[in-house]
A.B. asks: 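Got a structure for you, written out below as structure tokens; questions coming shortly.
Numbering starts at 1 and runs along the sequence shown. Just so you know, these numbers come straight off a predicted model, no measurement behind them. Order of appearance sets the numbers: ligands from 1, and atoms from 1 within every ligand.
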Amino acid sequence: MKIAFIGLGRMGSGMARNLLRAGHGVTVYNRSREKADALAADGASVAASPGEACEGVEVAVTMLADDRAVEEVVLGESGMAAGLAKDAIHISSSTISTALARRLASGHAAIGQGFVSAPVFGRPDAAAEAKLVVVAAGPEELISRCRPLFDAIGRQTCVAGSEPWQANAVKLCGNFMIAAMLEAFGESFAVLRKASVEPRLFVDVMTALFKSPVYANYGRNIAEERFEPAGFALKLGLKDIRLTLENADQSAAPMPLASVIRDQLISAMALGQGELDWSSVSRISARNAGL
Ligand code: NAP
């Protein structure tokens, strides 16, 4: 398949490489050109704008930081919407708001283009190893056309519904669950350090109970205070919890725990932790405990 891939950050680079490995023809674009040039060695063609990357492709994938970046890349000058052919599909894999997913679906439809939301779970190492969990939503026929690409980047694809924004709602609630775990680890470690219990012991106990690599990996990182280099930057984690609360507000479904977590992340930002991994939110509980 001929694919455009736009956004070659921590996640996008590995995803684009796996599409190349699966035999697809990939044209890449990244705002900072050097990250795109790095993919040329793997066989990618490099475009000078999002619009140019989209010329003649069947599918264009975006993996960008946030709503603003996606809007600029899709609707901006030499943007995707102008470059993409009628009947081509935009797959949005960034973690964006449900509101923007709705706007993208209707905007692409108005000019005869397809739109599928396919946010992913998994950190950059999972992206590099094609082990992401893909949550896709959109019209059934479009999902079927995109399936070979999901198989190339992930280990499992779950279909959330026929409206693209439904996948974004799942992704936001999923990140809220992970953030709640990080906060719970932070609070527990603060108490256990005062009880002179070895943090790694607690990780072993929790891993025995929950049997999840998410608990094991994040627990270990927090126990060892390993927050650099960031797999997922705390400033992006705060973006996601804000989007979670925005979606909850629009759905008239309160999320009091998410509000607490947002405030903890704001404290971490204020203390200069924006570029550290979001698991460093645990430092706030330690600090509040005088540690
Ligand atoms: P990242 O390393 O910070 O990469 C962000 C990408 O967006 C870069 O390619 C960056 O270009 C581009 N970008 C940012 N602002 C832009 C703008 N205004 N115009 C054009 N391009 C712009 O982020 P990431 O960790 O790969 O995350 C990407 C998305 O995946 C985010 O929505 C994130 O929430 C989500 N996600 C992340 C993880 C994770 O563990 N890291 C897991 C699942 C989902 P430059 O290179 O020029 O800066």
Side-chain angles (χ1 to χ4, degrees), residues 4-18 28-39 44 46-54 60-80 91-98 100-101 104 117-136 150 153-156 167-168 170-179 181-182 213-214 217-218 221 227-244 247 265 274-280:
F5 199 102
I6 296 165
L8 302 165
R10 293 179 182 92
M11 297 293 289
S13 296
M15 292 162 72
R17 235 174 233 117
N18 285 324
V28 294
Y29 168 80
N30 194 66
R31 180 180 59 177
S32 321
R33 170 95 188 198
E34 65 277 7
K35 291 181 194 163
D37 289 339
L39 264 282
V46 178
S49 70
E52 185 186 307
C54 291
V61 184
T62 47
M63 191 52 171
L64 297 155
D66 53 19
D67 278 29
R68 206 185 73 181
V70 175
E71 287 202 275
E72 278 178 22
V73 160
V74 176
L75 304 170
E77 206 180 315
S78 307
M80 278 181 65
I91 300 178
S92 166
S93 284
S94 321
T95 307
I96 56 168
S97 66
T98 52
L100 178 58
L104 288 170
S117 269
V120 297
F121 285 100
R123 293 180 41 103
D125 53 347
E129 292 164 20
K131 287 186 179 157
L132 296 171
V133 173
V134 181
V135 181
F150 301 150
I153 60 166
R155 61 182 159 94
Q156 191 178 342
N168 301 90
V170 172
K171 171 64 189 170
L172 292 175
C173 286
N175 268 17
F176 161 67
M177 297 286 289
I178 297 171
M181 174 202 63
L182 299 179
V214 180
N217 295 336
Y218 273 121
N221 287 354
F227 304 128
E228 280 177 293
F232 184 47
L234 188 136
K235 65 178 184 191
L236 290 182
L238 175 56
K239 175 252 318 177
D240 288 0
I241 296 304
R242 283 183 168 140
L243 294 180
T244 305
N247 186 49
L265 289 165
E275 298 298 336
L276 299 185
D277 194 77
W278 72 329
S279 50
S280 71

A.B. asks: Can you tell which part of V73 has a heavy atom less than 4.0 Å from ligand 1: side chain, backbone, both or neither?
C.D. replies: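 Side chain only.
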A.B. asks: Which one holds for E72 and ligand 1: side chain close, backbone close, both close, or neither close, with close meaning a heavy atom under 4.0 Å?
C.D. replies: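 Side chain only.
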A.B. asks: Quick one: closest heavy-atom pair of E52 and V46, and the distance?
C.D. replies: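 Scanning both residues completely, I find the closest heavy atoms to be OE2-O, 4.4 Å.
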A.B. asks: Once rounded to the nearest 0.5 Å, what's the spacing between atom CE of M63 and atom CD1 of I6?
C.D. replies: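 One finds 13.5 Å between CE of M63 and CD1 of I6.
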A.B. asks: Side-chain donor-acceptor pair under 3.5 Å between N221 and S279, yes or no?
C.D. replies: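 Short answer, no.
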A.B. asks: Short question: side chain of S93, backbone of A118 - any donor-acceptor pair under 3.5 Å?
C.D. replies: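 Such a contact is found between S93 side chain and A118 backbone.
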A.B. asks: State, to 0.1 Å, how close W278 and G237 come at their nearest heavy-atom pair, and which atoms those are.
C.D. replies: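 Looks like CE3-CA, 3.6 Å.
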A.B. asks: So, does S94 use its side chain to make a donor-acceptor pair with the main chain of D66 at under 3.5 Å?
C.D. replies: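 No.
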A.B. asks: With S97, which of L243, N247, L172 fulfils side chain to side chain contact (heavy atoms under 4.5 Å, CB included)?
C.D. replies: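 Only match with S97 under side chain to side chain contact (heavy atoms under 4.5 Å, CB included): L243.
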A.B. asks: What atoms of ligand 1 come closer than 4.0 angstrom to any heavy atom of G231?
C.D. replies: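 Taking each heavy atom of G231 in turn, ligand 1 has 39 (C), 40 (O), 41 (N) under 4.0 Å.
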A.B. asks: What's the shortest heavy-atom distance between T95 and K239, and which atoms?
C.D. replies: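 Where T95 meets K239 most closely, the heavy atoms are O-NZ, 2.9 Å.
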A.B. asks: Can you figure out which of A65, A69, G237, A126 has its heavy atom closest to atom 31 (C) of ligand 1?
C.D. replies: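 The residue whose heavy atom sits nearest atom 31 (C) of ligand 1 is A65.
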A.B. asks: Show which atoms of ligand 1 fall inside a sub-4.0 Å distance from at least one heavy-atom site of M63.
C.D. replies: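 It comes down to these atoms of ligand 1: 29 (C), 30 (O).
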A.B. asks: Keeping N18 on the side-chain end and A127 on the backbone end, is there a donor-acceptor pair under 3.5 Å?
C.D. replies: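 Side chain of N18 to backbone of A127, a donor-acceptor pair under 3.5 Å: yes, one is there.
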A.B. asks: Could you tell me, atom by atom, which parts of ligand 1 come under 4.0 Å of a heavy atom of L236?
C.D. replies: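 The atoms of ligand 1 under 4.0 Å from a heavy atom of L236 are 23 (O).
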A.B. asks: Find all atoms of ligand 1 within a distance of less than 4.0 Å from any non-hydrogen atom belonging to N30, and give their numbers and elements.
C.D. replies: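 Those of ligand 1 that fall under 4.0 Å from N30 are 8 (C), 9 (O), 11 (O), 45 (P), 46 (O), 47 (O).
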A.B. asks: What protein heavy atom is closest to atom 4 (O) of ligand 1, reported as residue, atom name and distance in Å?
C.D. replies: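 Result for atom 4 (O) of ligand 1: G9 CA, 3.4 Å.
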A.B. asks: Should you measure from each heavy atom of V120, which atoms of ligand 1 turn up under 4.0 Å away?
C.D. replies: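 Reading through ligand 1 atom by atom, the close ones are 43 (C), 44 (C).
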A.B. asks: Can you tell me which residue and heavy atom of the protein come closest to atom 17 (C) of ligand 1, and the distance to 0.1 Å?
C.D. replies: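 The closest one turns out to be R31 NH1, 3.4 Å.
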A.B. asks: Please confirm whether the backbone N or O of E228 pairs with a side-chain atom of D277, one donor and one acceptor, at under 3.5 Å?
C.D. replies: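 Checked: no pair found.
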A.B. asks: Mark up the atoms of ligand 1 that fall under 4.0 Å of a heavy atom belonging to G7, in ascending order.
C.D. replies: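 Contacts of ligand 1 toward G7, numbered from 1: 9 (O).
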A.B. asks: Test of understanding: given a 4.0 Å heavy-atom threshold, classify the contact between E275 and ligand 1 as side chain, backbone, both, or neither.
C.D. replies: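 Neither; no heavy atom under 4.0 Å.
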A.B. asks: Of all the non-hydrogen atoms in the protein, which one sits nearest to atom 3 (O) of ligand 1, and at what distance?
C.D. replies: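 For this ligand atom, the closest protein heavy atom is R10 NH1, 3.6 Å.
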A.B. asks: Write out the residue and atom name of the closest protein heavy atom to atom 36 (N) of ligand 1, then the distance separating them to 0.1 Å.
C.D. replies: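 Closest protein heavy atom to atom 36 (N) of ligand 1: T95 OG1, 4.0 Å.
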A.B. asks: Taking distance alone, with no angle check, do M11 and ligand 1 share an N/O pair under 3.5 Å?
C.D. replies: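 N/O-N/O distance below 3.5 Å exists for this pair.
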A.B. asks: Taking only heavy atoms of G122 into account, list the atoms of ligand 1 that are under 4.0 Å away from them.
C.D. replies: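 Selected atoms, number and element: 40 (O), 42 (C), 43 (C).
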A.B. asks: Which heavy atom in L234 sits nearest to a heavy atom in S280, and how many Å separate them?
C.D. replies: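 What the structure gives for the nearest pair is CD1-OG, 3.5 Å.
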A.B. asks: About how many Å separate CG of N217 and CG of D125, when rounded to the nearest 0.5 Å?
C.D. replies: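 Reported to 0.5 Å precision, the distance equals 7.5 Å.
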A.B. asks: Polar contacts were defined as any N/O atom of the residue lying under 3.5 Å from an N/O atom of the ligand; does this apply to S93 and ligand 1?
C.D. replies: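 N/O-N/O distance below 3.5 Å does not exist for this pair.
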A.B. asks: How far is atom 28 (C) of ligand 1 from its nearest protein heavy atom, and which residue and atom name does that atom have?
C.D. replies: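 Going atom by atom, the protein heavy atom closest to atom 28 (C) of ligand 1 ends up being L64 O, 3.7 Å.
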A.B. asks: What are the atoms of ligand 1, with element, lying closer than 4.0 Å to any heavy atom of K239?
C.D. replies: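 Within the 4.0 Å cut-off of K239, ligand 1 contributes 31 (C), 32 (O), 33 (C), 34 (O).
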A.B. asks: Quick one: does K171 get an N or O within less than 3.5 Å of an N or O on ligand 1?
C.D. replies: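 For ligand 1, there is no N or O atom that lies under 3.5 Å from one belonging to K171.
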A.B. asks: For S94 and ligand 1, does the shortest N/O to N/O distance drop below 3.5 Å?
C.D. replies: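 In fact, backbone or side chain, S94 has no N or O that close.
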